[in-house]
Amino acid sequence: MQFAKFSRTGLTVSRLCLGTAPFGKQTDENVSHQILDKAAEAGVTFLDTADAYPMGADLALVGRTEEIMGRWLKGKRHKFIVATKAGGPMGLAAWEQGGSRKHLLDAIDGSLRRLGTDYVDLFQLHFDDAATPIDETLEAFDIIVRSGKARYVGVSNFLAYRLARAVGRVDTLRLTRIASVQPRYSLLFRQIERELLPLASEEGIAVIPFNPLAGGLLSGRYKRDEKPKEGRFSSEVGAQFGKMYQERYWHEKEFETIERLKVVAKELGVSLPKLSVAWVLANPTITSAILGASRPEQLTDTLAACDLKIDAELKNKLDEITAEYRFGDSAR
């Protein structure tokens with residue numbers, strides 16, 4: 001396993017982070033613990049979850065993933081960097097979601113209770129909340145860090161201009177700085193290279209992308225003319241999430257690109273998942289890539305991504321094949 005500084009902080013994290021979104025819905029507790037065991041045995045020390053997980057959960061299920069993680073962490077919490085997120089709906093009331101002070105202060109206490117810990121290493125806003133003044137969210141973050149309930153704070157699913165504004169307000173108000181951003185990033189989604197990644201690099205913000213396999217499409221196991229029966233493209237995670245992932249990636253263009261990428265992977269003698277994650281890690285702005293799995297064996301190739309060196313020639317080839325996924329950017 002490789003390790004990296006969490007950008008402009010004193011924290012060190014493994015360059016692969018285990019995401020836990022399927023735990024408690026797609027994956028039962030026993031299998032979830034097997035996945036955690038396999039990641040830990042490979043040297044992964046960075047774990048990411050969210051209070052609203054499992055993915056696709058209704059209000060009866062939210063929080064179950066943190067509970068599953070909490071039981072696994074018992075007796076070994078000190079060996080891991082634990083990150084969670086808040087902002088998704090946790091109840092029927094209007095204030096039980098979003099980035100308000102009310103909700104975030106409630107959310108951190110709920111997460112700590114479910115995880116069975118006194119603190120999390122990283123507390124993140126799961127989604128941008130335009131309905132709440134950004135100053136209020138940032139002040140709540142500051143309170144949480146000063147209280148000792150979180151060591152660092154970050155954001156997820158933020159556009160570059162919103163992150164820039166948040167950074168500016170933190171500087172102006174002299175609040176706890178934003179340590180990280182969690183965007184979507186893969187060979188099939190490269191928009192963040194245009195503005196978000198340069199911003200993060202300039203401001204010293206760690207980047208921990210999710211979806212490095214484009215929801216599993218870059219596993220290469222799906223066929224365009226077959227209806228997906230499992231995974232994030234199916235109703236297994238719920239009709240809403242399955243539809244969302246199909247709208248993101250399930251298109252003729254993406255499948256044609258995957259066929260070209262398979263040729264490159266075959267020439268190298270590696271799997272497409274290993275190549276895809278290694279390409280993400282090869283970007284110098286990326287701190288850690290978040291890996292997802294609903295079965296332990298799905299981690300075999302992706303955990304080996306740190307071993308694959310992406311030289312300039314190979315990177316240029318992969319960049320060229322997927323250039324159109326920068327969406328509207330110039331060819332250079």
Side-chain angles (χ1 to χ4, degrees), residues 2 15-17 19 156-160 181-201 206-226 228 231-233 244-293 298-299 301-332:
Q2 298 174 3
R15 294 215 67 208
L16 294 175
C17 173
S156 177
N157 295 295
F158 262 51
L159 295 174
V181 61
Q182 187 177 139
R184 180 160 56 108
Y185 187 47
S186 72
L187 282 161
L188 300 181
F189 186 82
R190 297 178 53 191
Q191 291 184 26
I192 67 169
E193 293 175 1
R194 300 184 63 188
E195 295 187 0
L196 188 67
L197 292 189
L199 171 63
S201 179
V207 182
I208 49 175
F210 65 94
N211 264 191
L213 293 185
L217 203 67
L218 284 165
S219 68
R221 74 178 187 267
Y222 294 107
K223 295 182 180 180
R224 177 74 170 96
D225 56 354
E226 291 183 358
R232 297 193 178 189
F233 297 96
M244 179 182 74
Y245 268 88
Q246 288 191 36
E247 289 175 348
R248 280 182 180 177
Y249 303 116
W250 199 274
H251 310 290
E252 195 66 41
K253 179 179 68 173
E254 278 79 357
F255 279 93
E256 290 172 357
T257 300
I258 286 172
E259 291 306 311
R260 296 178 65 190
L261 293 171
K262 282 182 178 178
V263 172
V264 177
K266 186 175 181 180
E267 291 173 349
L268 291 170
V270 301
S271 69
L272 182 55
K274 181 175 180 178
L275 178 63
S276 300
V277 176
W279 175 85
V280 170
L281 293 175
N283 189 310
T285 310
I286 302 302
T287 307
S288 292
I290 299 175
L291 307 179
Q298 292 177 341
L299 288 175
D301 289 335
T302 52
L303 284 171
C306 285
D307 301 331
L308 180 59
K309 180 176 175 55
I310 305 290
D311 59 27
E313 182 180 356
L314 176 56
K315 188 174 188 309
N316 288 338
K317 181 184 290 188
L318 296 172
D319 286 353
E320 182 180 348
I321 291 172
T322 61
E324 63 186 312
Y325 299 101
R326 287 173 64 103
F327 288 155
D329 202 359
S330 61
R332 295 186 179 180

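Sequence positions, counted from 1, serve as the residue numbers for this chain.
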Decide yes or no on salt bridge (charged side-chain N to carboxylate O under 4.0 Å, His left out) for K317 and E320, but give the supporting numbers first. CA-CA 5 Å; K317 181 184 290 188; E320 182 180 348; over 6 Å; no

Distance only, no hydrogens: is a donor on one side chain within 3.5 Å (strictly under) of an acceptor on the other, for N157 and R184?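 Result is no, nothing qualifies.
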
Rounded distance (nearest 0.5 Å) linking atom [atom1] of [X] with atom [atom2] of [Y]:
X: L213; Y: S219; atom1: CG; atom2: OG; value: 7.0 Å
X: K223; Y: F255; atom1: NZ; atom2: CZ; value: 11.0 Å
X: L314; Y: L308; atom1: CG; atom2: CG; value: 7.0 Å
X: D301; Y: L272; atom1: CG; atom2: CG; value: 9.5 Å
X: K315; Y: D319; atom1: NZ; atom2: CG; value: 3.5 Å
X: L217; Y: L187; atom1: CG; atom2: CG; value: 11.5 Å

Which heavy atom of [X] sits nearest a heavy atom of [Y], and at what distance?
X: Y245; Y: G215; answer: CE2-CA, 3.7 Å
X: G220; Y: K262; answer: O-NZ, 3.3 Å
X: S288; Y: C17; answer: CB-CB, 4.3 Å
X: A160; Y: L199; answer: O-CD2, 3.3 Å
X: V270; Y: K274; answer: CB-CD, 4.4 Å

Tell me if a side-chain donor or acceptor on [X] pairs with a main-chain N or O of [Y] at a distance below 3.5 Å.
X: Q2; Y: C306; result: yes
X: R15; Y: I286; result: yes
X: T287; Y: V207; result: yes
X: N211; Y: A214; result: no

Set out, in order, the CA-CA distance, both residues' side-chain angles and the distance that settles side chain to side chain contact (heavy atoms under 4.5 Å, CB included) for L261 and L275, then state yes or no. CA-CA 9 Å; L261 293 171; L275 178 63; 5.5 Å; no

Does any non-hydrogen side-chain atom of L16 lie less than 4.5 Å from one of L303?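 A side-chain contact exists here, since the closest heavy-atom pair is under 4.5 Å.
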
Are Q182 and I290 packed together at the side-chain level, in the sense that at least one heavy-atom pair is separated by less than 4.5 angstrom? yes

Check step by step if side chain to side chain contact (heavy atoms under 4.5 Å, CB included) holds for L188 and R248. CA-CA 9 Å; L188 300 181; R248 280 182 180 177; over 6 Å; no

With the threshold set at 4.0 Å, does a side-chain nitrogen-carboxylate oxygen contact exist between E256 and K253?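 Salt bridge: no.
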
Does atom NZ (K266) have a neighbourhood of more than 12 heavy atoms from anything else shown, all under 6.0 Å?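 No, because the 6.0 Å sphere around NZ of K266 holds 12 heavy atoms or fewer from other groups.
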
Hey, can you tell me if W279 and Y185 have their rings parallel, tilted or perpendicular (30° and 60° cut-offs)?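 Geometry flag for Y185 against W279: tilted rings.
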
Start with the C-alpha gap between S186 and L218, add the side-chain angles, then the distance that decides, and say whether side chain to side chain contact (heavy atoms under 4.5 Å, CB included) holds. CA-CA 9 Å; S186 72; L218 284 165; 4.2 Å; yes

Go through it in stages, so that I can follow the logic: the residues are R326 and R194, the test is side chain to side chain contact (heavy atoms under 4.5 Å, CB included), and I'd like the CA-CA distance, side-chain angles, deciding distance and then a yes or no. CA-CA 8 Å; R326 287 173 64 103; R194 300 184 63 188; 4.1 Å; yes

Report yes or no: is the cationic atom of R190 (NZ for Lys, CZ for Arg) closer than 6.0 Å to the six-membered ring centre of Y325, at no more than 45° off its axis? no

